[in-house]
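Comments concern the structure below.
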2 protein chains.
Amino acid sequence: MITMKEIAEIAGVSQATVSRVLSGSSAVSPRARQTVMEIVQKHDYTPNYSARNLAMDQSFLIGLIIPDISNPFFGEIVRQVEREAGRNGYNIIICNSDGDITKERSQLQTLRARQVDGVLVIPASSNSPILTTLYNSDIHTVVVTQPHSRFDSVYVSHLEGGRIVAQHLLGLGHTRVLLVGDSESENDKIVGFKQVFSEKGIIFPEDHFLNIGAWDHDLVKQAYLSGLEYFRRHRPGHATAVFTVNDVAAFGINHALKELNLRIPDDVALIGFDDTFLSQGLNPPLSSVSQPVEEIGRRSIEMLLDRLIRKFDGDVRSVQLNPLLVARESTLGRQAGHA
Amino acid sequence: MITMKEIAEIAGVSQATVSRVLSGSSAVSPRARQTVMEIVQKHDYTPNYSARNLAMDQSFLIGLIIPDISNPFFGEIVRQVEREAGRNGYNIIICNSDGDITKERSQLQTLRARQVDGVLVIPASSNSPILTTLYNSDIHTVVVTQPHSRFDSVYVSHLEGGRIVAQHLLGLGHTRVLLVGDSESENDKIVGFKQVFSEKGIIFPEDHFLNIGAWDHDLVKQAYLSGLEYFRRHRPGHATAVFTVNDVAAFGINHALKELNLRIPDDVALIGFDDTFLSQGLNPPLSSVSQPVEEIGRRSIEMLLDRLIRKFDGDVRSVQLNPLLVARESTLGRQAGHA
DNA sequence: TTGTACGCGTTATCAA
DNA sequence: TTGATAACGCGTACAA
């Protein structure tokens with residue numbers, strides 16, 4: 001790889017002039033510019049970012065800490081982030097945490113070593129220790145997917161999402177609903193769901209929760225097996241509907257129900273969360289709560305770049321986006337039409 | 001952020017000694033080591049990679065060029081790659097090409113500027129120009145997902161995959177098959193499929209191809225719409241089976257068939273490709289051709305690290321992995337049992 | 001075992 | 001408009 005110094009020699013100018021030509025920062029004589037550019041072209045000069053970073057104390061690197069890239073929902077976020085970052089001269093270093101706070105910690109450590117200018121983080125949990133570490137560092141941070149009091153954040157209200165689902169199912173007459181998720185008490189989707197029940201004076205039945213872990217990569221299988229066991233053990237009607245905290249789990253439940261010859265939604269209604277691009281392909285089409293995933297990704301990176309590039313230095317900003325019920329046949333039945 | 005120089009001052013030693021302590025390369029007196037380490041701990045010293053890269057002419061950075069991260073199949077590859085790389089002290093810069101060779105080119109350019117030690121590339125097409133660029137550079141490269149004569153490569157034979165599908169469908173008596181993909185003549189899955197037909201003297205019918213583009217992000221919808229139109233226009237039996245070159249497209253077709261009240265597989269059989277973790281959640285469970293995606297990811301990064309770390313300098317190696325037919329109800333019907 | 005000194009490829013400051 | 005020259009933080013050859 002050719003360097004500025006070498007180009008300077010060939011061109012018979014100083015290395016500083018080459019730098020000026022390439023950065024376009026200050027004025028250079030047309031002659032010098034001409035000669036330099038020709039040599040640059042000819043030798044396919046590429047600047048050395050490491051050197052540039054060192055000199056400018058800026059890496060144009062953004063760290064992205066995310067629980068599971070293979071989850072299409074997160075994948076879409078990555079895609080948006082990478083695109084928008086690229087347009088602005090930034091690159092993304094990706095860190096898959098598996099939802100493990102230990103991994104998160106070591107990854108943040110290497111991101112710091114890499115001198116990243118900023119970090120987008122989808123924390124493993126709302127009290128991930130890295131959030132504290134980040135706060136004590138001077139790395140610009142945006143928390144994605146959940147609200148945060150000290151950082152910029154972009155999120156969809158899970159509480160509201162859970163409430164919407166509850167209202168939808170209650171409206172259809174379901175009072176015995178099986179909840180499928182990672183935590184019965186700490187997952188806001190579930191909290192919101194139950195909130196509506198208690199507000200309406202409806203008692204949420206005991207033993208209607210299936211714990212399938214949070215970021216288990218084999219979520220489909222987990223949900224499938226748990227669902228199978230549940231519906232084998234309980235009489236039909238013990239639960240007339242199932243709400244899973246994400247679509248992926250709903251796939252597993254769907255499979256289990258099919259296996260047991262239970263009809264959806266006649267025997268058991270099913271509703272997921274995220275409305276990934278696969279929900280509508282499911283059979284019957286899956287009701288779900290859609291999150292504006294492109295917007296989440298885009299707004300997140302935009303907020304970060306706003307601080308990095310435009311040097312915005314105001315108070316912490318949070319963007320709350322609205323979840324949207326997408327009712328399809330898996331809860332509505334055939335009369336759903338073809339939405 | 002504290003630097004070696006500052007640590008050296010505090011410790012009353014030279015910066016070189018601090019470097020030695022931290023790298024553990026050469027011998028240092030226990031006393032010096034002790035003092036330095038304490039200060040390092042206390043101030044939470046983090047090495048500056050940019051500086052290190054510059055000095056060592058090594059970035060410990062690997063570029064990953066991939067068509068669509070939001071596709072779960074690729075997502076899984078990213079996951080494996082990131083993990084294995086991380087274990088060996090390397091980080092991943094991710095580049096989403098959208099299957100666009102222009103984007104590929106500019107991304108490779110910035111990867112070069114970033115001084116990446118190696119590149120894993122899933123090319124937009126088999127003759128992506130960046131392959132030439134890479135060959136003329138000194139960047140270690142592994143081509144993933146397709147064979148290559150000049151680079152290390154890891155792939156599953158698409159030709160063989162297509163053949164397997166043809167054999168499976170012919171075995172079930174389907175001779176009129178609708179093919180759904182990006183290219184009728186250049187996609188090896190389709191080429192292999194037709195190969196079997198002609199070997200057996202069976203003429204593949206005209207007008208049995210639906211072009212839905214390659215990396216269109218809205219593949220499900222594309223397939224859905226195309227499928228809908230196709231099955232509306234042709235009499236039942238014009239095609240008795242559908243083969244889509246990936247599962248995502250199969251989701252769309254599944255939706256279309258359902259909409260038209262065509263039963264799977266009684267009216268139309270359906271088979272996909274990739275066997276993503278979602279296939280088994282589909283209803284009926286989707287037959288597909290599985291690719292050992294974890295192995296693809298793992299082997300790819302391993303081959304690259306082998307050259308980077310172990311300095312392997314032998315001939316180009318290619319790893320061909322075998323596709324595997326996973327027959328489920330969408331082709332076999334209810335007698336499929338519960339595989 | 002330690003310190004000095006140089007180089008890595010840039011940016012940026014200062015005179016000229 | 002240009003060219004020296006000093007950083008930037010680290011690795012390392014060399015001498016002590």
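Every chain is numbered from 1, with letters handed out A, B, ... down the list of sequences. Just so you know, these numbers come straight off a predicted model, no measurement behind them.
Using a 4.0 Å cutoff on non-hydrogen atoms, the parts of residues 3-10 of chain A near DNA chain C are A:Thr3, A:Met4, ordered by number.
The residue among B:Val13 and B:Ala55 whose nearest nucleotide of DNA chain C lies closer to the 5′ end is B:Val13.
Formation of a donor-acceptor pair under 3.5 Å by the B:Thr141 side chain with backbone atoms of B:Ile139 is found in this model.
Distance, B:Gln34 CD to C:dT1 P: 16 Å, rounded to whole Å. The interatomic distance linking A:Met56 (CE) with C:dT10 (C1') rounds to 9 Å, in whole Å. Between A:Arg20 atom CZ and C:dC14 atom P there is a gap of 14 Å when expressed in whole angstrom units. To the nearest angstrom, C1' of C:dT11 lies 12 Å from CG of B:Leu54. Computed from coordinates, the B:Arg112 CZ to C:dG9 P distance equals 14 Å when rounded to whole Å. Put simply, CG on A:Asp57 is 11 Å from P on C:dA12, counting in whole angstrom units. Whole-Å rounding puts the A:Gln58 CD to C:dT11 P distance at 12 Å. In this entry the distance linking CD of B:Gln15 with C1' of C:dG7 reads 13 Å, nearest Å.
For the pair A:Gln109/B:Thr46, a side-chain contact is recorded, criterion being any heavy-atom separation below 4.5 Å from C-beta on.
No side-chain N or O of A:Gln146 forms a donor-acceptor pair with one of A:Ser126 less than 3.5 Å apart. A:Ser50 and B:Gln115 share no side-chain donor-acceptor pair at under 3.5 Å.
Under the salt bridge (Lys or Arg N to Asp or Glu O under 4.0 Å) criterion, A:Arg112 pairs with B:Asp44, sequence neighbours left out.
Residue contacts shown for A:Tyr45 are limited to sugar-phosphate atoms, with no base heavy atom under 4.0 Å away.
A salt bridge links A:Glu302 to A:Arg298: one of the charged nitrogens lies within less than 4.0 Å of a carboxylate oxygen. Taking the charged nitrogens against the carboxylate oxygens, B:Arg83 and A:Asp98 have no contact shorter than 4.0 Å, which rules out a salt bridge.
We find the CZ-CG distance between A:Arg114 and B:Asn91 to be 4.5 Å, quoted to the nearest 0.5 Å.
Of all nucleotides in DNA chain D, those with any atom nearer than 4.0 Å to a heavy atom of chain B start and finish, going 5' to 3', at D:dG9 to D:dA13.
Side chain of A:Arg52, nearest nucleotide from C:dT11, C:dT1, C:dT2: C:dT11.
Contact between the side-chain N/O atoms of B:Ser29 and the OP1/OP2 oxygens of C:dT2 is found at a separation under 4.0 Å.
Within a 6.0 Å radius of CZ in B:Arg317, more than 12 heavy atoms belonging to other residues, nucleotides or ligands are found.
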